[in-house]
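Only one structure is covered here, and it is reproduced in the block below.
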Amino acid sequence: MSRPSANFLAGLNPQQAQAVACTEGPVLVLAGAGSGKTRVITRRIAHILGKGLAQPKEVLAVTFTNKAASEMRERVAELIGRERAEGVVLSTFHSFCLRVLRTHADQIGYRRNFTIAGESDARLLLRRVTDELRTHDASYSPALFQSAISLRKNNCQGPEEVEAGPVRDATEEKYAASLAEVYERYQSALRAANSLDFDDLLVQTLRLWREHARLLAGARRQFKYVMVDEYQDTNRVQYELLRLLTGERRNLCVVGDDDQSIYGWRGADIKNILDFERDFPEATIITLDQNYRSTETILRAANSVIANNSARREKKLWSELGKGRAIDWILTADEEAEAAEAVKWIQHVREKSGAPYQDFALLYRSNIQSKPLEIAFRRAGIPYVVYGGQDFFERAEVKDIISYLKVLANPADEAAFLRVVNMPRRGIGDATLHQVHDLCREEHLPLGKALLELLKRGLAPPAAEKGIREFLGVVAEFRKRFKERQGTLQRIATDLVLAIDYRGELDRACKNAAQAINRWQNVELVLNALGEYEKTAKTPGLMEFLDESHLNSDQDRKSKAERRESAVTLMTIHSAKGLEFPFVFLMGIEDGLLPHETSLSEGTLEEERRLFYVALTRARRHLTFFEAISRVKHGKERMTKTSRFVQEIPEELLTQHARAARPMVEERVAPPQPKPKPKRRAPRKRG
DNA sequence: AGACCCAGGTTTTTT
DNA sequence: ACCTGGGTCT
């Protein structure tokens, strides 16, 4: 019934067309930066459906972020219409797994009303675990255990396999001895709380499929075609999930760029993309190297930098967009001067080109670098948006409200329980909570029941008795209201907030009125979000709302409202991946920052180079480098050195502007330079 | 339970 | 330099 599939090949270059048309068997698309990757995936979905090879719900496309997923769905909708596009299973790995688990969690020992433990929830549980173990000195931080455990999970390692495993670095060595036990106990705490952390969503789905052949078979039957975006970012669990899911049919199409793999530090395994044809010997491999984004100058610089990496697949980006302007490289005295020069440079470029503010992005390695920039922009009256920073749903007041809702949805949720049991203050302190935990363990009671039992037995401290009754009363009342749907979700949640007098608590806890007002506004935002969700969701439910609040970062929703305003973008290079801007400023081109100093000791220089490469390839028209001669680091002012990566760019592509000079260094042969005005390279050490 | 003080550690971040 | 977390004192 659909129009002929040739439709969807129109306007593609030969490689893109091949990638779209090649629907059967494993396919690896090596898509260089700006080579039309999203275009290929969306066209390929349309092509498969157009040819009648599968129904929409039989096509699975996985991305890493919600933003990528919704963008992709938009574009598929443009091709095949909204209705059919809705049917395509297009989501992040995590949302996909969540969907599987919501249906089958009971098969692996969780109840279906399980809640997701966010990062801070998980840390709360970990803190309790380390407190209980008490075998180590106080310098053990839950956060470090958390990242170590996360890495293990992403690597498909259970607690039993930890002890044998290799130790990554000195910090980990200190933790290695207790890691296995902490991991084990953390996992059982999660289980008892009927909660899964982010990594569990993947790990437990893998387990589910491995242990229940029937369920796996069902999934395999459903998904005739599987596509994966940003394949270079997949970790071991994700790889195993894909292998399992694609089974004998092996209709797996992965799209990615090994040169843009910048998430190795959180478990992404670049080998997945480098060794694809070892795992799938019959694979078709297609390289997209025509770039539709950048000038030739930018691409030449990027190509020559990345050529210094050894673990990569050879490719050379080219474009037909003309040579463009050389890279400007501005040398300044320190970070304040750097920021001031960036401001000047924006004004200068705007005068010459008339470009609006949103055409500019300032990229940096570390979030701390944003501070002087923000100050300078504010002073100059230039509108800007800083990306990154704390997620809305991680803010204390927001977590409080969400945790109340989690306790209502999942009575076992320990992290949420601990967060709200004494919020607002009810006189329930650590001593009481320890008793509660003991009771839980001895009698295998859920937390709420244990509290009640404590009262019954008269074990509760007198000061806490009233508070416990209050808390249990509120929980019971509102759990009932949610269960019986007495009113809209928003109405019930609003009443809950009123019932606990959270507003009053904020006034009491905040130092100044402004802060209290700000926080209260955030609470209102949560309540509004709940109302909004209720209006738009297909099947609105409390649990579903909670799922969304954990899996969708607010960056996703924020971007829509903020895209309207014209502002300069400030973000880390990491968050810039996948984006493009006409004018890109690269801040702090210094050794120690980029490459980051820790990368030198950890031997991850090649990943830093890829990061630099990602930064370069974000630019459409023009790149500007900024470098400060001295920079405050760890509180100390320190002299810097030009980033070694700059030396890998051919000189003729760079124009240096020295707005400051490096102090003379008495080296063996100090070249007589009365007024050091270097035309090209930074004067210090080469190579 | 809450205020205060000291020590340690400082990349990148999505879900 | 600055923030966080934990320990101690009231």
Side-chain angles (χ1 to χ4, degrees), chain A residues 62-69 91-98 116-119 121-123 127 130-131 137-144 146-147 150 153-154 171 196-203 230 233-235 237-238 261-268 363-369 371 387-391 393-394 422 425-433 461 463-464 467 508-509 511 547-556 571-578 588 592-602 604 607-608 610-612 614-615 631-638:
Chain A
V62 204
T63 62
F64 276 81
T65 65
N66 292 298
K67 197 166 153 228
S91 70
T92 62
F93 270 105
H94 290 81
S95 311
F96 174 72
C97 289
L98 175 66
I116 297 169
E119 215 141 303
D121 304 311
R123 217 170 306 132
R127 191 178 310 286
T130 51
D131 278 356
D137 63 274
S139 67
Y140 282 75
S141 97
L144 279 168
Q146 186 171 31
S147 63
S150 175
K153 286 187 175 180
N154 285 323
T171 328
L196 287 92
D197 66 16
F198 288 133
D199 304 317
D200 276 344
L201 292 174
L202 310 180
V203 173
E230 306 277 14
D233 288 336
T234 48
N235 56 35
V237 200
Q238 288 158 339
S261 160
I262 53 175
Y263 286 108
W265 52 273
R266 63 179 203 213
L363 308 183
Y364 36 79
R365 174 67 233 257
S366 300
N367 278 314
I368 36 163
Q369 289 176 260
K371 245 182 224 147
Y387 284 77
Q390 212 187 17
D391 194 85
F393 283 99
E394 283 292 317
N422 199 32
R425 308 266 156 223
R426 303 187 174 95
I428 304 172
D430 285 348
T432 315
L433 290 175
R508 255 167 281 137
K511 290 251 155 48
D547 284 348
E548 276 199 15
S549 79
H550 283 90
L551 291 184
N552 294 341
S553 79
D554 60 320
Q555 298 290 340
D556 305 336
M571 56 168 57
T572 62
I573 303 170
H574 281 92
S575 16
K577 196 175 74 159
L593 259 184
L594 184 61
H596 197 274
E597 54 189 349
T598 53
S599 72
L600 304 177
S601 55
E602 282 171 12
T604 50
E607 181 152 316
E608 295 290 306
R610 292 193 290 266
L611 199 51
F612 189 66
V614 167
R631 185 179 293 274
V632 176
K633 221 180 209 175
H634 307 317
K636 279 251 179 338
E637 182 162 321
R638 292 194 44 181

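Lettering follows sequence order; numbering is per chain, from 1. Values in this document were obtained by computation on a predicted structure and should not be read as measured data. Just the heavy atoms: all of them, side chains too, but no hydrogens, waters or symmetry mates, feed the values below.
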Reckon [X] has a side-chain N or O less than 4.0 Å from the OP1 or OP2 of [N]?
| X | N | answer |
| --- | --- | --- |
| Asn367(A) | dT12(B) | yes |
| Arg426(A) | dA1(B) | no |
| Asn66(A) | dT15(B) | yes |

Nearest to the side chain of [X], heavy atoms from C-beta on, is which of [options]?
| X | options | result |
| --- | --- | --- |
| His634(A) | dT13(B), dT15(B), dT10(B) | dT10(B) |
| Thr92(A) | dT15(B), dT11(B), dA1(B) | dT15(B) |
| Ser366(A) | dT14(B), dT11(B), dA1(B) | dT11(B) |
| Arg127(A) | dT12(B), dT14(B), dG6(C) | dG6(C) |
| Phe198(A) | dT11(B), dT15(B), dT13(B) | dT15(B) |

Just the rounded figure in Å: distance from [atom2] of [N] to [atom1] of [X].
| X | N | atom1 | atom2 | answer |
| --- | --- | --- | --- | --- |
| Tyr364(A) | dT13(B) | OH | P | 9 Å |
| Asp547(A) | dT15(B) | CG | P | 14 Å |
| Asn235(A) | dT14(B) | CG | P | 16 Å |
| Glu548(A) | dT14(B) | CD | C1' | 16 Å |
| Leu593(A) | dT11(B) | CG | P | 11 Å |
| Lys633(A) | dC2(C) | NZ | P | 18 Å |
| Gln238(A) | dT14(B) | CD | P | 15 Å |
| Glu597(A) | dT12(B) | CD | P | 12 Å |

* Asked: Looking only at N and O atoms, is any donor in the side chain of Thr572(A) or the base of dT12(B) less than 3.5 Å from an acceptor on the other one?
  ->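 Between dT12(B) and Thr572(A), which were checked side chain against base, a qualifying N/O pair under 3.5 Å is absent.
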* Asked: For Ser575(A), which contact category applies under a 4.0 Å heavy-atom criterion: base, sugar-phosphate, or nothing?
  ->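 Result for Ser575(A) = sugar-phosphate.
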* To do: May I ask you to say what Gly118(A) touches in the nucleic acid, namely base, sugar-phosphate or nothing, with a heavy-atom cut-off under 4.0 Å?
  =>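 No contact.
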Using 0.5 Å steps for rounding, measure from the [atom1] atom of [X] to the [atom2] atom of [Y].
| X | Y | atom1 | atom2 | value |
| --- | --- | --- | --- | --- |
| Asn552(A) | Asn66(A) | CG | CG | 4.0 Å |
| Thr572(A) | Tyr364(A) | OG1 | OH | 6.5 Å |
| Asn154(A) | Leu202(A) | CG | CG | 7.0 Å |

* salt_bridge(Arg266(A), Asp233(A)) N-O dist < 4.0 Å ->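 A salt bridge is absent here (no side-chain N lies under 4.0 Å from a carboxylate O).
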* **First encountered from the 5' end of DNA chain B, between Asn422(A) and Glu119(A)** =>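 Closer to the 5' end of DNA chain B: Asn422(A).
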* Asked: Glu608(A) or Ile428(A): which one's nearest nucleotide on DNA chain B is closer to the 5' end?
  ->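 Upstream on the strand: Ile428(A).
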* Does dT11(B) have His596(A) stacked on its base, where the ring centres are within less than 5.5 Å and the planes differ by under 30°? ->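 A stacking contact exists, since His596(A) sits close and nearly parallel to the base ring of dT11(B).
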* Asked: Does the aromatic ring of Tyr263(A) sit over the six-membered base ring of dT14(B), closer than 5.5 Å centre to centre and tilted less than 30°?
  ->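 No, Tyr263(A) does not stack on the base of dT14(B).
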* Report the relative orientation of the aromatic rings in Trp265(A) and His574(A); use parallel for angles under 30°, tilted for 30 to 60°, perpendicular for over 60°. =>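 Ring orientation, 0 to 90° scale: perpendicular.
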* Got Phe64(A) and Thr92(A) here, is their nearest side-chain heavy-atom distance under 4.5 Å? ->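 No - every pair of side-chain heavy atoms lies 4.5 Å or more apart.
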